[in-house]
Structure formats: structure tokens, C-alpha cells
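Inspection log for the structure reproduced underneath, given as C-alpha cells.
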Protein chains: 2
Amino acid sequence: MTVHYQGTPEALQALDAYVKLSRAVNALEARLSERHAYGGLTASQFGVLEALYHLGPLCQGELSAKLLKSGGNLTLVVDNLVRLGLVERERDTGDRRRVMVTLTEAGRERITELFPLHVQDIVTEFSVLSPEEQATLASLCRKLGKAGQ
Amino acid sequence: MTVHYQGTPEALQALDAYVKLSRAVNALEARLSERHAYGGLTASQFGVLEALYHLGPLCQGELSAKLLKSGGNLTLVVDNLVRLGLVERERDTGDRRRVMVTLTEAGRERITELFPLHVQDIVTEFSVLSPEEQATLASLCRKLGKAGQ
DNA sequence: TGTTATTATTTCAACATTGAAATATACGAT
DNA sequence: ATCGTATATTTCAATGTTGAAATAATAACA
């Protein structure tokens, strides 16, 4: 149990906040995957379907930016969704470098069915916090997420 | 831009908090990796070294529990750390099912050098929040992390 | 003491993730 | 129109991640 780090109070507090933040998100994601929240899809596949559902057709670069994932990753995730018959690829006629990704009818049905269940699971998880606490958490996370600019 | 989900105010608030929480952690981790924070190690490798540094020798099952990762995953991450010469495996003499993982001298030097830099990067990131805000964030995350019991 | 159940680790297939190199297309300046 | 630069995607190798099956060792107990 030797604790090797003797930091300033500021450092210890930041470290404590960081550890609790990381663990909370890890634990939350683990619980959401254990349930039906993603309905047999991976979190990444679900994320792509959800983005297309809410924003309409997007090219892979836009998906990459929305989901904070690399371009190479998007290629694979979209490959797998195409194989599952949930999305389609087609070259952008205006700019043939881009590949537009659109929901198939099956994909739209799937995400339409899954999304409300996903939201319900999130509501359940967040019900340990009051509405005020949820608003505070969102506000603090917004500040923190933008810290790097 | 069609928004398909018309939820209750409670659902919209929980969803908003969830999205901001996820994005904040993703963005934060991305910025920490871009810097020297892990010193050429992956986040997983760094996590194992850090746990051994603070807690002393652990078996893989204990590392798995601490880091919220699967057993199969720990086998691989420890494999890679052994190959890098930063940790050693040895069978527990008392319970030969267990594999104890210990820091090598090189591993100890590495994490001793890296950890303070890691903390400094975290302090910098969290400096956009006041001490009170950091404490509030930690408290809310602690509640949320335990939500699933 | 055998038998059975439990626990710890490894192995494996599938998918995720990144970063860098390769390819293809578009754009800007001359 | 051409050349050079910038952008979008794909490919690839390395690592991470999980869950399930296989192995090995321990523990419980009739």
C-alpha cells in the first residue's frame, strides 16, 4: 500500500476528480452494454446508426468527427454495418472523394426500435442524480471537454 | 437535421448529461495521449504500471478488477509489458493458479519518471475548473459510478 | 480420499482503435 | 490546362477489448 506520490493539494484534487470521472464512465458504459442498450450491436455500430438517424446521411469524415474516431476506424465500422445490411455506401456525386453513408430501411427500423430503450437505460442510470445535479454534471463536463483549446 | 426523439424533459436532461460526460472523457483521454502523458506507453500499459507502483505486486485477476478490464485482456497487456522488460510474471507459490506481476527495475524507473508528468497534465486539464467545481464533479461521478448496485 | 464446484489464467475469434502510408480526387495559382 | 497542395478514403500492422471455451489448480464436502 505504499503511496509514492506526494503531490500538492491541487494535484491530489485534480487526480481524484480524474480517477472518479474515468471510473464512472467506464462503469456506466459497461452496464449499458450488459443490458439490451445496444441490442446486439457494438457501441460503435450503435453510434453510427444514431448519428445517421438524427442527422441524416453523412460522409465518413463527418462521422469520424462526430464520433471522435479515426478515419480508418470508420471504414471498418461502416464495413461491418454494410455487411449487416443496416447502412449503404455511395460515392458523393459532387465530390467523388467522399463516401456518403445512409441508413437502409432495416437500419432505420433497427435504430428506431433501439434508441428509446437506450434512452430509458440512461434515464435509469442517471436517476441517482437529481435534475439539478444532472445539469451541474453536464455543465462541468462541457467546460472540461473544451479545456484543450 | 430531423430530430426523431421527442422525450420527456427528464429523458432529455439525462441524455444531455450522458452525451456531455462521454464526450468530455473521450476528448480528455485523446488530449492526454497526444501529449507525453503516457511516455510512449499505451493507456492500458500505463494503467498496469501505475497500479503496481502504488499497490505493489498484484496478480492478474486483481489487476483486471482494478482496471475494469477482462482477464483475457490483462494476459495480453502483461505479455507486452514483459516483452518491453517493464514487468515480470511469476507463479504464486501459495496458490499456483495465480500469476503475480511485479515491476522490474526498469519498470519502476519508467513509472517513477512518468507519473509526475501525467499528474501535471491532468492538473493542467482540470485547471479550467475551480477547486470547488472539481470536488463537485468528483462527488457526482462517485454517485453515478455506483448507480448499478 | 474422491468427487464436484469454484477460481485463475490462457487461448481464440471477432471487432475496435490508432497512426502511417498509399491512393484517388478536388482545388488554387499561375 | 498544369502543377502542387490539400482532402477523403482505404489499407495495414500493432495493440486493445470482450466473451466464451479450454486448462489447470484449489476448495468444499460427503
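Each chain gets a letter, A, B and so on, in the order the sequences are listed, and its residues count up from 1.
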Residue pair A:Asp121, A:Arg31: steps toward the salt bridge (Lys or Arg N to Asp or Glu O under 4.0 Å) verdict: CA-CA 9 Å; A:Asp121 282 343; A:Arg31 292 198 299 267; over 6 Å; no
Verdict with supporting geometry, A:Asp79 and A:Arg89, salt bridge (Lys or Arg N to Asp or Glu O under 4.0 Å): CA-CA 9 Å; A:Asp79 278 352; A:Arg89 273 196 178 95; 2.9 Å; yes
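Listed by residue number, the members of residues 81-95 of chain B with any heavy atom below 4.0 angstrom from DNA chain C are B:Arg89.
Side chains of B:Arg83 and B:Asn80: a donor on one and an acceptor on the other come within 3.5 Å. For the 3.5 Å distance criterion, the side chains of B:Arg98 and B:Gln60 fail to qualify, holding no donor opposite an acceptor.
Looking at A:Arg97, its side chain has no donor and acceptor atom pair within 3.5 Å of the base of D:dT9.
Residues A:Asp16 and A:Lys20 are paired through a salt bridge, judged by an N-O separation under 4.0 Å between the basic side chain and the carboxylate.
When each of A:Val19, A:Leu21, A:Asn26 is checked for a side chain to side chain contact (heavy atoms under 4.5 Å, CB included) with A:Arg23, only A:Val19 meets the rule.
B:Arg98 places its CZ atom 14 Å from the C1' atom of D:dA27, with the value rounded to the nearest Å. Taking atom CG of A:Asp79 as the reference point, atom C1' of D:dT9 lies 11 Å away to the nearest angstrom. Distance, B:Leu41 CG to D:dA14 P: 18 Å, rounded to whole Å. Distance CZ (A:Arg96) to C1' (D:dT7): 15 Å, rounded to an integer number of Å.
Here the side chain of B:Val99 is nearest to one of C:dA8, C:dT25, C:dT9, namely C:dT9. The A:Gln60 side chain lies nearest to D:dT10 when the options are C:dT9, D:dT10, D:dA25.
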Protein-to-nucleotide contact annotation, 5' to 3' order, nucleotides 16-21 of chain D [B base; S sugar-phosphate only; - none; under 4.0 Å, heavy atom]: BBB---
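Distance check: A:Leu63 CG to A:Leu58 CG gives 5.0 Å after rounding to the nearest 0.5 Å.
The aromatic rings of B:Phe46 and B:Phe115 sit parallel, their planes meeting at an angle under 30°, below the 60° perpendicular limit.
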